[in-house]
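The structure appears below as structure tokens.
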Amino acid sequence: MSRCIFCDIVSGGAEASLIHEDAYCSAFLDLYPITPGHALVIPRRHAVHLHELPQAERDHLFAVGYQVLEAQRSAGIGWAGANLFLNDGPASGQHVPHVHLHLLPRRQGDGRRTLIRFLARVASLFGRPCPRSELDELARRVRSGFSPPD
Ligand code: 5GP
Ligand code: ZN
């Protein structure tokens, strides 16, 4: 059995609130969101670092990430702004050792709350998971505005 939680999500062995899936990647909501609607895009292939992925899969990951950003905006979240980041390997503060691009919708005036949650994350404090029903409802909204990249 796999011991990587993101590989388990890809294989369907672990629950996730999905936004998009295709031959090379999967996008779903973060279980411990830093901001509401925080999404992750991951390659289906297990890789710890970006450089372990074939270039086409790396490019596809970022292309899907951009489409998720658009879908978040059309769902009414993140229209004011967003943070995109990727912790590339354990030395960079990566907690789940499987490549993932973070997309954090932002609101005007949410700076203090976001900074506190971000700093807690750097200290490996995750807090309580978001209820699955909330994540599923938000994922449904984002999914309905998602278009795959060309
Ligand atoms: P990292 O710190 O590795 O860049 O980010 C890992 C992310 O995965 C964190 O934002 C964390 O909340 C999220 N995460 C950890 N476990 C799970 C899980 O089981 N399901 C989902 N959807 N996200 C997870
Ligand atoms: Zn994995």
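Both ligands and their constituent atoms are indexed starting at 1 by order of listing. In what follows, residues are counted from 1 in the order of the sequence shown.
Within the structure, ligand 1 has Gly93 among the residues with a heavy atom less than 4.0 angstrom away. For Arg121, the heavy-atom gap to ligand 1 drops under 4.0 angstrom. In this structure, Phe6 has a heavy atom closer than 4.0 Å to ligand 1.
Nearest to the Zn ion (ligand 2), among the N, O or S atoms that His46 has, is ND1. Considering just the N/O/S atoms of His98, the one nearest the Zn ion (ligand 2) carries the name ND1.
Taking 4.5 Å as the limit, some side-chain heavy atom of Arg107 sits within range of a side-chain heavy atom of Pro36. Counting heavy atoms from C-beta on, the side chains of Arg121 and His95 come closer than 4.5 Å. Residues Gln94 and Val48 form a side-chain contact, since some pair of their non-hydrogen atoms from C-beta on lies under 4.5 Å apart. Between Ile42 and Val96 there is no side-chain heavy-atom pair separated by less than 4.5 Å. By the 4.5 Å heavy-atom criterion applied to side chains, Ser17 and Arg140 are not counted as neighbours. Residues Leu61 and Leu50 have side chains in contact (heavy-atom distance under 4.5 Å, counting atoms from C-beta outward).
In this structure, Arg44 contributes its side chain and Ser26 its backbone to no donor-acceptor pair below 3.5 Å. Looking at His20, its side chain never comes within 3.5 Å of a backbone N or O of Ser147 through a donor-acceptor pair. Under the 3.5 Å distance criterion, the side-chain polar atoms of Glu52 are matched with a main-chain donor or acceptor of His49.
Residue His102 has at least one heavy-atom neighbour below 4.0 Å for each of these atoms of ligand 1: 1 (P), 4 (O), 5 (O), 7 (C), 10 (O). Within ligand 1, counting atoms from 1 as listed, the ones closer than 4.0 Å to a heavy atom of Phe28 are 22 (N).
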| Where do His100 and His102 land on the ring pair (Phe, Tyr, Trp, His ring centres under 6.0 Å) test, with the steps shown first? | CA-CA 6 Å; His100 49 282; His102 293 261; 5.0 Å; yes
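Looking at atom 10 (O) of ligand 1, its nearest protein heavy atom turns out to be Asp30 OD2, 2.4 Å. The nearest protein atom to atom 18 (C) of ligand 1, hydrogens excluded, is given as Leu31 CD2, 3.8 Å; this is a heavy-atom distance. Protein heavy atom nearest atom 16 (N) of ligand 1, with residue, atom name and distance: Tyr32 CE1, 4.0 Å. Atom 2 (O) of ligand 1 has as its closest protein heavy atom His95 ND1, 2.6 Å. Nearest to atom 6 (C) of ligand 1 among the protein's heavy atoms is His100 NE2, 3.3 Å.
Not a single N or O atom of Gln94, backbone or side chain, sits closer than 3.5 Å to an N or O atom of ligand 1. Distances between N or O atoms of Ile5 and those of ligand 1 include no value under 3.5 Å.
Contacts between Asn87 and ligand 1 below 4.0 angstrom, taking non-hydrogen atoms only, involve the side chain exclusively. Only the backbone of Leu29 comes within 4.0 Å of ligand 1, counting heavy atoms alone; no side-chain atom from C-beta on gets that close.
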